[in-house]
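No hydrogens, no waters, no symmetry mates; every other heavy atom, side chains included, goes into these values. Chain naming here is simple, since letters A, B, ... match the order of the sequence lines and numbering starts at 1 in each.
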Protein chains: 2
Amino acid sequence: MTTESEPRTESRIPLSKERVLRAAVELADRAGLESLTMRNLAHEVGVEAMSLYYHVANKEAVLDGVVDVIVGEINEVVGSIDGPTPEDDWKSALRVRILAARDVMLAHPWAPDVIEQRTHMSPAIVLYFEGLLGIFREGGFSYDLAHHAMHALGSKALGFSQELFNPGNEESDQSGEMLEQFAEQLPHLTGMLMEIGHDDPDSTLGWCDDQAEFEFSLDLLLDGLDRLLHAA
Amino acid sequence: MTTESEPRTESRIPLSKERVLRAAVELADRAGLESLTMRNLAHEVGVEAMSLYYHVANKEAVLDGVVDVIVGEINEVVGSIDGPTPEDDWKSALRVRILAARDVMLAHPWAPDVIEQRTHMSPAIVLYFEGLLGIFREGGFSYDLAHHAMHALGSKALGFSQELFNPGNEESDQSGEMLEQFAEQLPHLTGMLMEIGHDDPDSTLGWCDDQAEFEFSLDLLLDGLDRLLHAA
DNA sequence: ACCTGAACACCGTTCAAGT
DNA sequence: ACCTGAACACCGTTCAAGT
């Protein structure tokens, strides 16, 4: 609109891959992942869609880059943590690192989706995993056990755990109706829901992946790994 | 092509939601999830794309239905398992069930992707979870601990674990080059790869999710849950 | 060097119309 | 009741062309 009238410092400097990627993160933060189209992204930086292709190869490159930005944030955050050293307490060292990564993810709830869609690791993730591996090693893990541990952590290593279903959306949720209609056929589920009332108001990552469940699963894995470590 | 000439028993009977969904599964099995478009699916059942909308509401309904078909398969398979009873050995009972579910998933490697995209549970999945909960309960779990356990299992409850990255695709894999170029900056990763040589030829579900890693993670969780059960 | 307009090949979907 | 043709509103992307 006002592209010509007032040279607003930033819109004057030519586009760059970095500015495209930062705009992509902001767009997804504000309007959701489904809004992250090449056309919307172009409009976001005040340019036509086709101009983006001068700075990025294609949309896959945008998504790869966006993951790199987010995990770059994580690497920055975990770089300035001063908790217990891995030699003293590998479990705590790993735990604070993962929960710090989770904080970044909570600020970008769409990020887990795009990370899981990626087919190869970004450089930032390689760096992050190198750091995790370092903690395992300094904690006394063999490469073999550390390798298993990384697999067992899965997405929890990066601070999220993609739960299978989204609890919200009452109108489109068949499971609620099903539970009412077939309560007698589903004794355990109805019993469980009556007892624990699965309406945690703080489903932090959009899924049923709230903080308490995340930490329960994380500690279950860390404790199990610790036992394997000392059994060896 | 030969729609008029020879009335091949099946192409004569009118379309139904069931036939559409079965065709969708076959199409995805044969050509991959990205080939599962409304136009392709219509062609698959010998009809124009718009005709599908007479039998299903939209593509989301197709994907929901397809999940229901797959998990229906699982429910059939696990229904005819005669392993140890949960009262005797809940861990083994759960384990064989989950590994049976995994066998079905291995026959439909695209299924995890579409399951994770769903926003609500299908009836078949509600039934499957009811069965899992029953095993926990008969094994002596409180509803509260069983609930945590279901969350901790996550997608492993259904027999898959979406790993973060796909090991294949040498040409598009930045991590390989990165490891070579920056080997000295990544001592732990290079050390690990040299020791364990992460080239398992049998990456069963397309990701680095091979059978050994799946079972390692599953047993780590089951053993941890068993300890919590007996600690209570 | 950087950006654009027009166009292409796809999507999912609506709607009025055919039998 | 069941299916269709034409059309719409979107995608990502190519390519020749502008400055």
Side-chain angles (χ1 to χ4, degrees), chain A residues 1-5 7-25 27-28 31-67 110 113-114 117-119 172, chain B residues 1-5 7-25 27-28 31-67 110 113-114 117-119 172:
Chain A
M1 316 308 177
T2 64
T3 11
E4 217 54 32
S5 51
R8 295 178 296 157
T9 60
E10 205 188 17
S11 61
R12 267 303 163 198
I13 64 173
L15 215 45
S16 67
K17 186 176 177 182
E18 284 66 37
R19 265 188 58 212
V20 170
L21 296 182
R22 267 190 293 130
V25 170
L27 178 57
L33 194 56
E34 73 281 358
S35 296
L36 183 50
T37 69
M38 295 301 271
R39 282 170 171 84
N40 281 348
L41 180 54
H43 182 260
E44 189 85 358
V45 293
V47 101
E48 294 301 315
M50 309 75 203
S51 308
L52 296 176
Y53 289 85
Y54 189 84
H55 300 94
V56 296
N58 48 34
K59 188 174 182 180
E60 281 293 288
V62 172
L63 295 176
D64 286 344
V66 146
V67 169
W110 47 270
D113 272 333
V114 37
Q117 289 169 12
R118 299 303 84 206
T119 56
S172 72
Chain B
M1 317 306 177
T2 65
T3 11
E4 219 52 33
S5 53
R8 294 177 297 157
T9 61
E10 205 189 16
S11 61
R12 268 302 165 201
I13 64 175
L15 215 46
S16 67
K17 185 177 177 182
E18 285 65 38
R19 265 188 58 214
V20 170
L21 296 182
R22 267 191 294 129
V25 170
L27 178 57
L33 193 56
E34 72 283 357
S35 297
L36 182 50
T37 68
M38 296 302 270
R39 281 170 171 84
N40 281 348
L41 180 53
H43 183 259
E44 189 85 356
V45 293
V47 99
E48 293 301 316
M50 308 78 203
S51 308
L52 297 176
Y53 289 86
Y54 189 85
H55 300 94
V56 295
N58 47 35
K59 189 173 181 181
E60 282 293 288
V62 172
L63 295 176
D64 285 345
V66 146
V67 168
W110 46 271
D113 272 331
V114 37
Q117 288 168 15
R118 298 304 83 204
T119 57
S172 72

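- For B:Tyr54, whose side chain is taken as the heavy atoms from C-beta onward, the closest listed nucleotide among D:dA1, C:dA7, C:dC3 is D:dA1.
- Here the P atom of nucleotide D:dG12 and the CG atom of A:Leu41 are 10 Å apart, to the nearest Å.
- Atoms CG (A:Leu15) and C1' (C:dC3) sit 10 Å apart, rounded to a whole Å.
- Across D:dA7, C:dA6, C:dG12, the shortest atom-to-atom separation from the side chain of B:Met50 is found for D:dA7.
- In this structure, A:Met38 places its CE atom 17 Å from C1' of C:dA9, rounding to the nearest Å.
- Per the geometry, CG belonging to A:Asn58 stands 5 Å off P belonging to D:dT13, to the nearest Å.
- The nucleotide whose nearest atom lies closest to any side-chain atom of B:Arg39 is, among D:dT14, C:dG12, D:dG5, C:dG12.
- At the heavy-atom level, A:Thr37 lies under 4.0 Å from the strands shown only through sugar-phosphate atoms.
- Between the CG atom of A:Asn40 and the C1' atom of D:dG12 there is a distance of 13 Å, given to the nearest Å.
- Distance CD (B:Glu34) to P (C:dC10): 14 Å, rounded to an integer number of Å.
- Of all nucleotides listed (C:dT4, D:dT13, C:dT13), C:dT4 comes nearest to the side chain of A:Val47.
- A 4.5 Å side-chain heavy-atom check between A:Val20 and A:Tyr54 finds every atom pair outside the cut-off.
- In this structure, CD in A:Glu34 is found 10.0 Å from CG in A:Asn40, a value given to the nearest 0.5 Å.
- Summarising the geometry, atom CD belonging to A:Glu44 is positioned 10.0 Å from atom OG1 belonging to A:Thr37; distances are rounded to the nearest 0.5 Å.
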Inset, instruction - Start with the C-alpha gap between B:Leu52 and B:Val45, add the side-chain angles, then the distance that decides, and say whether side chain to side chain contact (heavy atoms under 4.5 Å, CB included) holds. - result: CA-CA 9 Å; B:Leu52 297 176; B:Val45 293; 4.3 Å; yes

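- For the pair B:Arg118 and B:Glu60, the salt-bridge criterion is met [side-chain N within less than 4.0 Å of a carboxylate O].
- Protein atom CZ of A:Arg19 is 12 Å distant from nucleotide atom P of C:dC2, rounded to whole Å.
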Legend entry - Pair assignment for DNA chain D - dot-bracket with | for other-strand partners, Watson-Crick or G-U under 3.5 Å: ||.|||||...|||||.||

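- The side chain of A:His55 places an N or O atom within less than 4.0 Å of a non-bridging phosphate oxygen (OP1 or OP2) of C:dC3.
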Legend entry - B:Leu63 vs B:Leu36, side chain to side chain contact (heavy atoms under 4.5 Å, CB included): CA-CA, chis, key distance, verdict: CA-CA 9 Å; B:Leu63 295 176; B:Leu36 182 50; 4.1 Å; yes

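- Atom OH of A:Tyr53 and atom C1' of C:dA1 are 20 Å apart (whole Å).
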Legend entry - Full working for side chain to side chain contact (heavy atoms under 4.5 Å, CB included) between A:Val62 and A:Met38: CA-CA 9 Å; A:Val62 172; A:Met38 295 301 271; 4.2 Å; yes

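- The phosphate of C:dT4 (OP1 or OP2) has a side-chain N or O of A:Ser51 nearer than 4.0 angstrom.
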